[in-house]
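Here's the structure, in structure tokens; my notes come after.
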Amino acid sequence: QVQLVESGGGLVQAGGSLRLSCAASGRTFSSYVLAWFRQAPGKEREFVSGISASGSRTNYADSGKGRFTISRDNAKNTMYLQMNSLKPEDTAVYYCAARMGYGLGTGVENYGVWGQGTQVTVSS
């Protein structure tokens, strides 16, 4: 089973950018559908973006459309989330998640492997 480790979080001013990375161990990384979720204090974990095993299909929550870009490099066992035009409401712990299968599920229950999370804080 793949193991996931996020990095790249930090403190940024509104309007700034961050790139999150999700590094995976395991030889079957390219078989997994991957996704980014986030959880703000006092709120439920929510879907941000997903990407198919090959990288050919992606989907986004409305909150990130036009600002966030998900990608993956299967040769490096790494997934990325480029976040531009950040807003204070993007402040959250960001998690990467993985699942076997084909569909780009958006529910927490669709994913069985999770990283430990990386904090993103956007100041106004």
Side-chain angles (χ1 to χ4, degrees):
Q1 175 167 289
V2 68
Q3 293 181 318
L4 308 173
V5 178
E6 303 93 336
S7 63
L11 174 64
V12 64
Q13 289 188 333
S17 299
L18 281 175
R19 188 175 83 154
L20 305 183
S21 297
C22 174
S25 62
R27 295 177 295 173
T28 58
F29 177 79
S30 60
S31 299
Y32 285 83
V33 170
L34 302 174
W36 288 98
F37 286 77
R38 67 186 184 185
Q39 188 166 18
K43 295 188 177 181
E44 294 186 352
R45 193 169 297 189
E46 65 177 8
F47 174 80
V48 174
S49 182
I51 188 166
S52 63
S54 68
S56 61
R57 293 179 296 119
T58 60
N59 62 343
Y60 297 89
D62 288 343
S63 59
K65 285 181 180 177
R67 300 188 298 126
F68 295 175
T69 303
I70 192 171
S71 62
R72 67 189 293 167
D73 185 339
N74 285 344
K76 294 183 178 180
N77 277 16
T78 304
M79 174 179 64
Y80 305 96
L81 184 68
Q82 177 67 44
M83 303 188 294
N84 299 327
S85 302
L86 283 162
K87 306 174 182 179
E89 51 264 44
D90 294 318
T91 295
V93 177
Y94 283 70
Y95 298 89
C96 61
R99 66 183 292 263
M100 296 295 285
Y102 182 77
L104 299 182
T106 61
V108 171
E109 67 279 5
N110 296 139
Y111 293 83
V113 183
W114 293 85
Q116 84 290 347
T118 186
Q119 177 70 47
V120 171
T121 303
V122 184
S123 62
S124 57

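In what follows, every heavy atom counts, from backbone to side chain, and hydrogens, waters and symmetry copies are set aside.
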Treat each ILVMFWY residue as a node, draw an edge where side-chain heavy atoms are under 4.5 Å apart, and state whether L34 and L18 are in one component.
->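 L34 and L18: one cluster.
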
same_hphob_cluster(V93, Y80) at 4.5 Å side-chain heavy-atom cutoff |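 Hydrophobic grouping puts V93 apart from Y80.
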
Would you please test L86 and Q13 for side chain to side chain contact (heavy atoms under 4.5 Å, CB included) and show each step?
-> CA-CA 8 Å; L86 283 162; Q13 289 188 333; over 6 Å; no

Is any side-chain heavy atom of [X] closer than 4.5 Å to a side-chain heavy atom of [Y]?
X: V113; Y: Q3; answer: no
X: L20; Y: V120; answer: yes
X: R67; Y: D90; answer: yes
X: S63; Y: R38; answer: yes
X: S52; Y: L104; answer: yes

Could you tell me whether K65 and D62 make a salt bridge, using a distance below 4.0 angstrom between a side-chain N and a carboxylate O?
->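 Between D62 and K65 there is a salt bridge, with a charged N closer than 4.0 Å to a carboxylate O.
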
What do the steps show when you test V12 against M83 for side chain to side chain contact (heavy atoms under 4.5 Å, CB included), and what is the final call?
-> CA-CA 11 Å; V12 64; M83 303 188 294; over 6 Å; no

E6 and G117: which non-hydrogen atoms are nearest, and at how many Å?
->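 Closest approach of E6 to G117, heavy atoms only: OE1-N, 2.9 Å.
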
Of all pairs that satisfy ring-ring contact (aromatic ring centres under 6.0 Å, His included), the ones with a partner from residues 32-60, not counting sequence neighbours |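 Checked against ring-ring contact (aromatic ring centres under 6.0 Å, His included) - neighbours excluded - the pairs reaching residues 32-60 are F37-F47, F37-Y111, F37-W114.
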
Treating [X] as the side-chain partner and [Y] as the backbone partner, does any N or O pair qualify as donor plus acceptor under 3.5 Å?
X: R57; Y: Y102; result: yes
X: S49; Y: N59; result: yes
X: S56; Y: S54; result: no

For V48 and Y95, run side chain to side chain contact (heavy atoms under 4.5 Å, CB included): C-alpha distance rounded to whole Å, both residues' side-chain angles, the deciding distance at 0.1 Å, then the answer.
-> CA-CA 9 Å; V48 174; Y95 298 89; over 6 Å; no

With a 3.5 Å cut-off and no angle check, do the side chains of R72 and N74 form a donor-acceptor pair?
->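 Yes - a donor-acceptor pair under 3.5 Å links their side chains.
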
